Every structure is written in structure tokens, then in C-alpha cells.
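Report on the structure given below.
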There are 2 protein chains.
Amino acid sequence: MPRAVTLKDIARETGVHVSTVSRALDPRARDSLTVEVVKKVNETAQRLGYRPNRLAAGLRTKRTRTVGLIIPDITNPLFPPIVRGVESILEPLGYVSIIVNTDGRQDRERSQMQVLLEHGVDGVVHAAMERDASHYTDLQDRNVPIVTVNRRLDVDGLPSVVNDDAEGIHEMFRLLYEAGHRRIAHIAGPPTISTGVERLAAFREAAKAFGVSVPDAYIVESEKFLFEEGHRCAAKLMALADPPTAILAANDGLALGAIQLLRDRGLGCPEDVSVTGFNNSDVLSLVPPGLTTVGVDKTGIGKASATLLISRIDNPEDPETPHLVQPIEVVIRGSIAPPPRAGRQDPL
Amino acid sequence: MPRAVTLKDIARETGVHVSTVSRALDPRARDSLTVEVVKKVNETAQRLGYRPNRLAAGLRTKRTRTVGLIIPDITNPLFPPIVRGVESILEPLGYVSIIVNTDGRQDRERSQMQVLLEHGVDGVVHAAMERDASHYTDLQDRNVPIVTVNRRLDVDGLPSVVNDDAEGIHEMFRLLYEAGHRRIAHIAGPPTISTGVERLAAFREAAKAFGVSVPDAYIVESEKFLFEEGHRCAAKLMALADPPTAILAANDGLALGAIQLLRDRGLGCPEDVSVTGFNNSDVLSLVPPGLTTVGVDKTGIGKASATLLISRIDNPEDPETPHLVQPIEVVIRGSIAPPPRAGRQDPL
DNA sequence: CTGTTAGCGCATTCAT
DNA sequence: ATGAATGCGCTAACAG
């Protein structure tokens, strides 16, 4: 159990001072040294199997090459690709990321943030941000750069990378409208999350743009972006005296839950009710009838947010807080059909 | 941008020495101090918003409360629940985990392992272990505890937590056999991975136990545990002069790929060919015809491996290398039916 | 061009 | 019961 080899070991071995060793190993300081020394040091470092202790280095430099990644829940299939996107940028730069899950709970978010701070993260990619984050003083105080991804704050405080929610919702509405639907309902996301309110706003916008009137009862708010909630909300919609012929859901999970509810009620999608989603989860191609949805570049927003974060870390004085909006893509599958004719014969 | 508050700040504020502050904040050393002092120190720590610098502490103690988590790819749905399981144990103990993805590449695994070492991890949970890991000297040398999960080494070297692969395969074989199948093929996992070879061995065992003879051509080896490979391997099977009536796949991804191939060929599952999987991925309930598969407790093996790792970290001298085998569960859905009658009429 | 010195924040041994 | 001193491994300012 030999302890890790340190600069001191290399110094002893080569006969030069530790600081010289340090310089010889540092690409930026290396050129102020003799080629010989640099060569010898690097060779023995190699031979001894030297690995820098980033903790010790970080203690001096205040840069740990560690970033925090805050997400609601890694088992939600939206996030792994974002994580990979972030890491694809960070890893070549020598960073590692510490991932923490909030489960959508603010108390967990706060404590996890403290944990990240204790571990000296150089910055944070926040994929679990709620609209109101008045408790963000900790970070502002410690001057830890933070970038939100997929969601954003209501205020302008933090740089963000989001998808073009408005465009996505508009396109889904258009597809439903052009298929002939006029009774279009919306299962909205939680009002505490930017994607919830922005997609709802976009839905109202689209309805207005297409001249479709939407009764209040056609908008039902979910508490989480999950299957079960989609099921629950769809039940409320289909219990109406005048149920919708189409459901535009705020994400795929809600949409799949809605389709399940329809199935439970003996209704078919798309024959009886058309449904659309948002995000284009990977599994969708396997799940009948094939959800028509908004495709987002999950890896891309991850990459963009990491790039943004790195630029914040490297230029802490830069006062800009960019807000990037990534383009979406329309993914057409089988969950939209023309509305059933009024007064249609019931099945059987 | 006030810097983080340190022990020194609290010392100055309270008028006691830093070492006293350190002791007052350490639950183990606290009782050698006056109650007053402890109280005052903790209060001002609270008031100043003190957060320990774990890097500095780790530099002294050689314990960073950081563990590494090596997985093939977080976008593979098998792993997020394992990750959550691991973290559910580690988080309450004050540990954070650094997750790295290997993409099944040994070179990446090695470099990622170095990265973890540089960040001073106290231990590693390895979910991407290959059978032959002759390059594990680094870890042995640095005496970093490591536990494998889901997979294990061929040799006895490392503690492990795996599922009861043999039992699972046996049960799938039994279901197929009892449905009347005698021409049962196996899409095996990669031979470089323990789950690949162990499930294959279990398949042969089961065939022998049930008195079913398996032609060599009925066993086809995949290169990765993925959908595309299942598709490719099933194509080989169905191209045989005497194709199987059932395919027992080494995991769900392979099974889903096989079902897709059947569909591409105009064949139905389960009417024409029965298929089984392994792992019981979350999405399966939504994908027709509903894959009959082996349910594994993903969170459970994550928890077990973390628990094992902690005990290794806390008792480094303990010479035991336990090998835990977690029970599996049979999950019956719709992908098994009796084999079509020999000389059946073709569809149409 | 390289050695010396100092200190990051903390835990711990040794005094007292 | 508490203060003083030391060093973990590294980088950076300062000398020379």
C-alpha cells in the first residue's frame, strides 16, 4: 500500500526542488525552464506514475476542476442525455461533475447546493431550477457561477439555455388545428417551473393565433411532469360534458399518461382523441401509437450550458447573462388524426 | 464577493484558537471542551454561515467523502436506478459521488479511473466492470476500495453485488418450456462481460435440466447489450433453415431489438415467436406486446453495493471480499405464447 | 532559470 | 480544557 507519489518524490528522485517540478509539469510555466530539466522531470513523473492531487492544487488555486450538476431525478429519461452533453464538454477540459438529485424538493435543492459548495465546485449547471429561486444568495455570495438548463428563472439573474418552448407548442397546435381539431385542451406543467408556465402561455398564444377559443376547463395544471399526473389530468378533461378532441400535453410523460387514461376509458388514440407531447423521449418510437411530439436536442442543450458555464468560470468579471434558446424539431408519429365526426356512432 | 468563512474567522469572532474551533465543530472531539465554548462556537459558526472546506479537510485526513461511480452509459435505463440506490446510502453519510461513463471502452475506463484517483475518491462503485480487469493494479496500489455491481470479475479479487442471473435465466427457460417450446434460442451478451457469459452458461444449464437440445446455431453472441444488436442477432436466428420458436435474450434491449426484427419480417410476437428479456426496464409496460422478463431490484443492488463499499472504506483491513447475489423476480407480460403448430397455415 | 518561502483550510499531536 | 505548532500536496510570489 505505497502512498501516492507526490511532487516531493519526483523532486528527491531528480535532485531539483519541488517548485521546479511543479513548474516542469505545468504547461504554462514550463517554458521558463531548461528543456533538460523539463524532460527529466516529466520522465521520472511518468516512471513513478505520478498523479497530481487535485485537492491540494485546488486548495491553493481555488479551482477544483469540479462542477456541480443539479437535476430533479436522473431516472427521468430527459436528463441523462443532458448530463452526457454537459460532460462531453467538461471532460476534455479536465473537469468532473458531481451530480445531485433534488426530487423536485426545494429543501433538498438547498442542502445539495451546500454540499456542492463544501466540495468547492467551480460552477454549477442547474437543470432543476424553479422559477422563484429567491434563496440563491448563497451562490451569489460565494461568487460561484451558475447556469440553468432546460428551465430558467423568471428574472434575468442567471444565464440559461432552454428549448424554444413557444415554437414547439405552436407547431403542435398547428398540427392539431390542421388535422381539423377545434376542441383542443392543454395539460400544463407545474406553475412553479418555467417550462410549465411558458408552454401554457404559448398554448394560449397559439390558440389566439389560430382563432380557437379555449374554455377554462380545457386547461388543467399538473403538479409534476409525470405519467401519473398526465393520467389524472386527462381524467378531468374527459369527464367534461364537452370533452376535447385533442390534448396538447406539456411533455411526453404527461402525454403518455393521458393516452393511458384514454385506453382505460376504452377510447383510442388517435381515433377518438389526438395527443401530442414534448421532448421526444428515446422510448417513444417503441410505444404505440407513436407520440407526435416536439423533438429537443437534449445533448445539445447540455453542451451549450456547459460551454456557457466554462466561459463564466474563465471570465468571472464578464457581466453578461446570455439566454440561449435552442431550436426544436417537429417529430410526427401516429398520435394525431382528424377529430371523430360529431354525432359519430359509438364503438359497438 | 466575500470569500468563504473559515475556522479562522470563527476563531477571531469568538476569541478562541482555531484548533478549539475545529474541536468544537467535530462531534467526536467536542466532549473534551466546555459546554460554553462549544455552544458559542457553534452559534457563531451558524451565524457566519460557516461551511467546512472538505478539500482542506481531505488533504489532512485522506478522506474526501467522495466516491467514484463508474458506469457504461447513464443513458442506458438500467443505470439511473442503480445510481439512485447508491446515492440513497451515500448521501445521508455525507458522501457525494462523481459519475463517469466509460461507453464500454477500456481506454476510457482507465483514464476515468485516473481522474477519480486524482480527485481523491475514498472508494469506487464499479458498474462497468469487464471480466478481465488485469489492469487493476492502480487501485490495488493506492489501496482504494472498489466494489463491482451488476457485473463481477472472473476472479475473486473484488467484492461484488450481482443479480441471480442463473435463476432468472432458468425461470425464463421454464416459462418457454412450459408454454410448449422446444426450439429455444439464446441471444447472448458480450463474452467480455460477466453477465454475458453467466447468462449463457445458465441457458445451457437450463436446457440440459429440461432435456432440450440446443443446436450451436441457436446461440448467437451480441457485441453490446443493445437494441441494434438484438435486431442483428435475431436476423441471424430467423435466417436459419429451422428457426427457433422462442428467443431467450440476455437482456431487455436485445429482446426489444429481436421483437423489432420479427416485426420487420412480418412475424408477430408472441404468435409466431416468443421472446423474453432480462432486467425489467421501466418502459416495458408501455411497449407491446409487453415483454416477459426477469425483474431485478436495480435500486437494491445499488444500495447493497454502496453499503459494501462503505464497510470497505471504514474497515480497510478486513480481508473479506463478499459476493452478494440478489434475488430476482419473474415478470410475466404478453411476449410468450405456445409455439405455432408445425405445418401451421401461414398468415393469409 | 531555479531555489526559498509562504500559505491555502483543516485536523491533530504535543504542550501547558 | 485549550493553545501552539506542524504538515497534508501543491502553487505562486519573491529572491537570487
Side-chain angles (χ1 to χ4, degrees), chain A residues 2-42 45 48-66 94 117-122 142-143, chain B residues 2-42 45 48-66 94 117-122 142-143:
Chain A
R3 22 155 232 57
V5 13
T6 73
L7 290 187
K8 206 192 289 184
D9 298 319
I10 302 177
R12 189 177 348 91
E13 195 82 4
T14 55
V16 300
H17 195 265
V18 271
S19 63
T20 307
V21 176
S22 174
R23 281 185 278 248
L25 261 22
D26 179 356
R28 290 194 323 266
R30 179 174 302 165
D31 31 342
S32 71
L33 257 38
T34 327
V35 225
E36 297 172 17
V37 175
V38 174
K39 184 155 167 263
K40 188 167 59 174
V41 168
N42 279 278
L48 265 38
Y50 171 75
R51 287 283 128 193
N53 180 332
R54 300 219 176 269
L55 297 160
L59 191 56
R60 271 282 354 206
T61 60
K62 306 292 175 201
R63 291 280 298 271
T64 57
R65 299 205 165 257
T66 305
L117 256 20
E118 291 179 13
H119 283 267
V121 294
D122 295 338
R142 305 264 296 244
N143 228 27
Chain B
R3 20 155 233 56
V5 12
T6 73
L7 291 187
K8 208 192 290 182
D9 298 319
I10 302 178
R12 190 176 348 91
E13 195 80 7
T14 55
V16 300
H17 196 265
V18 267
S19 60
T20 307
V21 176
S22 175
R23 281 185 276 248
L25 261 23
D26 180 355
R28 290 195 322 266
R30 179 173 303 165
D31 30 341
S32 70
L33 257 38
T34 327
V35 224
E36 297 172 18
V37 175
V38 173
K39 184 154 167 266
K40 188 166 59 172
V41 167
N42 279 279
L48 266 37
Y50 171 75
R51 287 284 126 194
N53 180 333
R54 300 219 176 270
L55 297 157
L59 190 56
R60 275 272 357 206
T61 60
K62 306 290 175 202
R63 291 280 299 271
T64 57
R65 298 203 167 262
T66 304
L117 256 21
E118 291 179 12
H119 283 267
V121 294
D122 295 338
R142 305 264 295 245
N143 228 28

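Computed from a predicted structure; not experimentally measured. These values consider heavy atoms only, across backbone and side chains, with no hydrogens, waters or symmetry-generated copies. A, B, ... follow the sequence lines: proteins, then strands. Residue 1 opens every chain.
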Stepwise salt bridge (Lys or Arg N to Asp or Glu O under 4.0 Å) test for Asp9(B) and Arg12(B): CA-CA 5 Å; Asp9(B) 298 319; Arg12(B) 190 176 348 91; 2.8 Å; yes
[Y] and [X], any side-chain heavy atoms less than 4.5 Å apart:
X         : Y         : answer
Thr6(A)   : Val18(A)  : no
Thr66(A)  : His119(B) : yes
Leu117(A) : Arg51(B)  : no
Leu25(B)  : Leu7(B)   : yes
Arg23(B)  : Val16(B)  : no

Please determine if a side-chain N or O atom of Thr20(A) lies less than 4.0 Å away from the OP1 or OP2 oxygen of dG3(C). yes
Between Thr61(B) and dC10(C), does any side-chain N or O lie under 4.0 Å from OP1 or OP2? no
Rounded to the Å, how far apart are [X] [atom1] and [N] [atom2]?
X        : N       : atom1 : atom2 : answer
Asp26(A) : dT2(C)  : CG    : P     : 15 Å
Lys8(A)  : dG3(C)  : NZ    : C1'   : 16 Å
Arg60(A) : dA6(C)  : CZ    : P     : 13 Å
Leu59(A) : dA11(C) : CG    : P     : 12 Å
Leu33(A) : dC1(C)  : CG    : P     : 8 Å
Leu25(B) : dA11(C) : CG    : C1'   : 12 Å
Lys62(B) : dT12(C) : NZ    : P     : 12 Å
His17(B) : dC14(C) : NE2   : P     : 17 Å

Between which nucleotides of DNA chain D, read 5' to 3', does contact with chain A run, using atoms under 4.0 Å from its heavy atoms?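 The contacted stretch runs from dC8(D) to dA13(D).
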Base, sugar-phosphate, or nothing: which does [X] touch, judged by heavy atoms less than 4.0 Å apart?
X        : value
Thr34(A) : sugar-phosphate
Val37(A) : sugar-phosphate
Arg23(B) : base

Given that Ser19(A) and Ser32(A) both sit by DNA chain C, which one's nearest nucleotide is further toward the 5' end? Ser32(A)
Return whichever of Tyr50(A) or Asp31(B) has its heavy-atom-nearest nucleotide of DNA chain D closer to the 5' end.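 Closest to the 5' end, via its nearest nucleotide, is Asp31(B).
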Ala56(A) vs Val35(B), nearer the 5' end of DNA chain D by closest nucleotide: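 Comparing both residues, the 5'-ward one is Val35(B).
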Note: Leu55(B) and Thr64(A) closest approach over all heavy atoms is CD1-CG2, 3.4 Å
